[in-house]
Every structure is written in structure tokens, then in C-alpha cells.
Amino acid sequence: MNYSGFKVIKEALTGHRGWGPAWRDAAPQAEYDYVIIGGGGHGLATAYYLAREFRQSRIAVLEKGWIGGGNVGRNTTIIRSNYLLDGNEPFYEFSLKLWEGLEQELNYNAMVSQRGILNLIHSDAQRDAFIRRGNAMILNGADAELLSTTQIRDRYPFLNVNNARFPIKGGLAQHRGGTVRHDAVAWGYARAADQRGVDIIQNCEVTGFRIENGTCTGVETARGFIGAKKVAACVAGSSSRLMHKAGMRLPIESHVLQAFVSEGLKPVLPGVITFGAGHFYCSQSDKGGLVFGGDIDGYNSYAQRGNLPVVEDVCEGGMAIFPMLGRARLLRSWGGIMDMSMDGSPIIDRTHIDGLYFNGGWCYGGFKATPASGFAYAHLLATDTPHETATAYRFDRFERGRMIDEKGMGNQPNLH
Ligand SMILES: Cc1cc2nc3c(=O)[nH]c(=O)nc-3n(C[C@H](O)[C@H](O)[C@H](O)COP(=O)(O)OP(=O)(O)OC[C@H]3O[C@@H](n4cnc5c(N)ncnc54)[C@H](O)[C@@H]3O)c2cc1C
């Protein structure tokens, strides 16, 4: 079924009885060419690009719960490509370009909204650092603009520019950044992958790997053994636990990150803003809720719920630049499990076990990376060579000391 304006009107007039399921409820087959573990954004995008871009077939996505139940449906929906380092910026810019054509390509309304992102500046040193980052972005073909305090006051009248503990001294804007309806991304990729013959198998937890003479030949699952020529792990916050079953210890820790949504308000924030003197980011959803978040909880956990000290810290960050937030009522909050790598950057690589591949360590940046991650992982799986934008995302960088440390924090996953 193709979605169109005509179809929406027809269904609206006939009681919405003509919509079919968006993807099949596939039963597992005995063997596939590719088994992708994890039905999050990255796993589904990988399956889609494998089928569409690399013309591969006999592909299954195994999801222990339901599509969209992980971080792809829990994040604060921000997309951007405002990175500094060579290892990262081309990759995230490639991702932003894929976002720009995604809805037409998938025939799915993922509510890609390039409403812009603004990183606020609060000191002269920070301005220098942001100018450097903006120049790196422009050199890599991305857009960046340094805004003055006056320009910011005109565009964001609710920000506390002068009368604050950390006065706003400017900002680095990326006008092509913005937000995307998070779970619609999972649904859009799932539907498009299914249309190309991918089996999406929910309620199918992978419980172990079958490894014979150094080669992975398939996976043990809650629904029995499934053989595969290539097995691709892609389980975000569960990476360490899953790869432990293959005897691997990863340079990754799992932490909780919380998200918050206020009651619906009239339009107050035209784009995404980030506080530069603490960790706070906020946008306004199309329904009017302020969607915001901050730091991870800072201790290792596999829980999908957070604790109160971080709630207080996030609200302090918000109040520092945006005092009207204190008058809004909080409607919802939740947590997701973040796979924090040692340098804050991801891994897309083969493992030392033949036929077993790994994608993870996405930290705060995984949602915006979804299209490029899927594309690059599909490239690696289909050709056994890394995609040109992902050549730095290898395991051996931790051995060779070639970290991609955007924040310069060292091997402190809780600080990236
Ligand atoms: C609160 C919060 C806010 C965030 N905000 C942003 C943001 O604004 N911008 C941004 O770029 N990123 C953001 N992120 C990060 C981003 O959401 C993640 O990095 C990204 O979604 C991870 O990739 P994924 O979508 O594939 O993960 P997931 O959706 O978590 O997919 C992994 C899947 O693997 C499944 N799985 C796990 N173990 C197994 C197993 N053994 N067998 C089968 N399946 C298994 C899980 O059930 C899950 O569905 C945020 C994260 C959180 C938690």
C-alpha cells in the first residue's frame, strides 16, 4: 500500500477501515543470509539499505520486544551535524543529507522538521571553540552561522539573555538541524524494509551465538536456532550484554538517559536550543510540549528509568536560560539505556569472529545517526569494507590510541 493525500482523504471519509498492517508479522525461517539483531532505528535502517541499496535478500531483523520500544522511540528527537572532528563530521553530515530525502524515499511521514538548532555561547573562550567548530562544519560541506546576542533575542524572545548567571553572548546555529518524530522513523524503515522482503520478527530475543571454528553460523533465540551467513549486532544499550554471549568485552558502558515533556504550550521555541554552561537541550513538539533533557544519570545501569538528582540538574539548566519553564507542568518523563563508548564516538566494524559484525556505542548521538549508521553498516555487511564516512569507527582505535574524542574528556564514558 502506498500512502498518499488521496488515500488519507478516502480513509477519513470511510471510517479508516482500509488501512492494512504496515509490515508483516513474519515467522522465523531456518536460515538467512543476514540476521540483524535489534529492531531499533539502526537495525531497521541497516536491513532497509541492505535490501534497497545493496540489493541483498534473505534478511531478518530479530527484536526481543517490539519495534520502536528501545531508544529509537525514547530519544529527544534532535538531528544535527554540528561536529568538529574529521572522524565524525562527514559521517553526521551524510546522515543529515539522508534525513533530508528520507520521507519521500520511504513514502512515510516521519515529520522531519529542519527548524534549526542553536548552541548558546556564554563566554569568550566558548565563542572561540564554537567558531572553530563552525569552520570545521563548513569545510565539510555543512552549514553553520554565528549569531549575535541581538539576533538570538529577536528569534528566541523567551530566553533570559542578559539577566542570568550565565549571560548569553551569542550562539552557533545550524539551520538544517532540527527534529524528527522518533518512533515514526522505526515504523517508516520497518515498512520500507518489509516491502523489500525483509522479515521483521518481534518477540524474538537472541540468547546466544553459535560459533564453530572461529565462525559465527547463527544465533540461539527465544524462538529457536536461526542460521545466518552474517550476523549483525545492533542493540544499542544492550551491546555489552549481547556481545558478552560471544565472549567479547566492549569499550562501552551502559547508562540511563532521561527525557522530559511538558504540557502543551503555545509556540515559544521555534527551533532546538542547547545551554552552553551546563547540559540542557530543548525543542517544542508539534503538539506544543517542550521536549527536553540533559546529562545521563552517571552510574552504570540497564534500567529504563532514571533518578531524581538528574531531574533537578536538568531543570536547573532549563531555568538558567529559560525561566518560563518553571511555570510549565511536566507531563511525562522516561529513561533509555545509552551505550556510552570510551571516547564518545560509535563503532561500526567486524569482530574477530568471522561472520559476526558490530554496530554500537552511539552515546547521545545515535538518533541523528540512524540513516547513515544503517547505510554504513549495510555497506560493511554487503562489501566487507567500511563506508567512506565510517572508516574511523573501528575497534582498533582503542588499541592504537586514535580516539575520536569530540569533547576532549578522555576515557570517561559518563562525561561524553
Ligand atoms: C532519553 C534519550 C534521549 C536521546 N536523545 C537523542 C537525540 O535527541 N538525538 C540523538 O541523536 N540521539 C538521542 N538519543 C540516543 C539515541 O536514541 C540512540 O543512540 C539510538 O536510538 C540507538 O540506536 P537504536 O535506535 O538502534 O536503538 P534501540 O531503539 O534501543 O534499538 C535496539 C534494539 O535492540 C533490542 N535488543 C536488545 N537486546 C536484544 C537481544 N538480545 N535480542 C534481540 N533484540 C535485542 C532492543 O529491544 C531494542 O529495540 C537519546 C537517547 C535517550 C535514551
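Both ligands and their constituent atoms are indexed starting at 1 by order of listing. All values below come from the heavy atoms of this structure, side chains included, with hydrogens, waters and symmetry mates left out. From a predicted model like this one, the values you see are computed outputs, not experimental measurements.
Between Phe375 and Phe94, the ring planes lie perpendicular to each other; the angle is over 60°, past the 30° to 60° tilted range. The aromatic rings of His279 and Tyr364 sit tilted relative to each other, their planes meeting at an angle between 30° and 60°. Classified by interplanar angle (parallel below 30°, tilted 30° to 60°, perpendicular above 60°), the ring pair Phe292/Phe260 is parallel.
Judged by the 6.0 Å distance and 45° axis criteria, Arg196 is not positioned over the aromatic ring of Tyr48.
Asp199 and Gln29 share a side-chain donor-acceptor pair at under 3.5 Å. A donor atom on one side chain and an acceptor atom on the other are not found under 3.5 Å apart for Glu205 and Thr221. With hydrogens and angles left out, the side-chain atoms of Asn414 and Tyr299 include no donor and acceptor closer than 3.5 Å.
Every atom of ligand 1 is numbered from 1 in the order shown, and the set under 4.0 Å from a heavy atom of Ala259 is 1 (C). Counting atoms of ligand 1 from 1 in the listed order, those under 4.0 Å from a heavy atom of Gln258 are 1 (C). Annotation for ligand 1: atoms under 4.0 Å from non-hydrogen atoms of Met338 are 51 (C), 52 (C), 53 (C). Residue-ligand proximity, Trp362 to ligand 1, at heavy-atom distances under 4.0 Å covers atoms 19 (O). Taking a cut-off of under 4.0 Å to the non-hydrogen atoms of Leu242, the atoms of ligand 1 that pass are 41 (N).
The closest protein non-hydrogen atom to atom 34 (O) of ligand 1 is Gly38 CA, 3.4 Å. Scanning the protein heavy atoms around atom 13 (C) of ligand 1, the nearest turns out to be Tyr364 O, 3.3 Å. For atom 36 (N) of ligand 1, the closest non-hydrogen atom on the protein side is Val235 CG1, 3.7 Å. At the top of the distance list for atom 53 (C) of ligand 1, counting protein heavy atoms only, stands Gly336 CA, 3.4 Å. If you check which protein heavy atom lies closest to atom 33 (C) of ligand 1, you get Glu63 OE1, 3.5 Å. Looking at atom 42 (N) of ligand 1, its nearest protein heavy atom turns out to be Val206 N, 2.9 Å. When only non-hydrogen protein atoms are considered, atom 9 (N) of ligand 1 lies nearest to Ile78 O, 3.0 Å. Atom 27 (O) of ligand 1 has as its closest protein heavy atom Ala236 CB, 3.3 Å.
At a heavy-atom distance under 4.0 Å, only backbone atoms of Leu62 (N, CA, C or O) approach ligand 1. Looking at Thr77 against ligand 1, only its backbone comes within 4.0 Å, counting heavy atoms.
Considering backbone and side-chain atoms together, Glu205 places no N or O closer than 3.5 Å to any N or O of ligand 1. For a threshold of 3.5 Å applied to N or O pairs, the pair formed by Leu257 and ligand 1 contains no separation below that value. Not one N or O of Gly335 is nearer than 3.5 Å to an N or O of ligand 1, by distance alone. Considering backbone and side-chain N/O atoms, Asp339 never comes within less than 3.5 Å of an N/O atom of ligand 1. Polar contact with ligand 1: present for Asn71 (N/O pair, distance under 3.5 Å). The N/O atoms of Lys368, backbone and side chain alike, include one that comes under 3.5 Å of an N/O atom in ligand 1.
Considering only heavy atoms from C-beta on, Glu63 stays 4.5 Å or farther from Ile37 through its side chain. A 4.5 Å side-chain heavy-atom check between Ser113 and Arg181 finds every atom pair outside the cut-off.
Ionic pairing of Arg115 and Asp286 is present here: one or more N-O contacts between side-chain nitrogen and carboxylate oxygen are shorter than 4.0 angstrom.
Looking at Arg402, Lys407, Arg397 one by one, the single match for salt bridge (Lys or Arg N to Asp or Glu O under 4.0 Å) with Asp343 turns out to be Arg397.
The closest approach between Gly365 and ligand 1 falls below 4.0 Å for a heavy atom of the residue. Distances from ligand 1 to the non-hydrogen atoms of Cys363 include at least one value under 4.0 Å.
No side-chain donor-acceptor contact under 3.5 Å links His255 to the backbone of Gly237. Counting only distance, with no hydrogens or angles, the side chain of Glu89 and the backbone of Tyr83 share a donor-acceptor pair below 3.5 Å.
In Asp86, the CG atom is not crowded: 12 or fewer heavy atoms of neighbouring residues, nucleotides or ligands sit closer than 6.0 Å.
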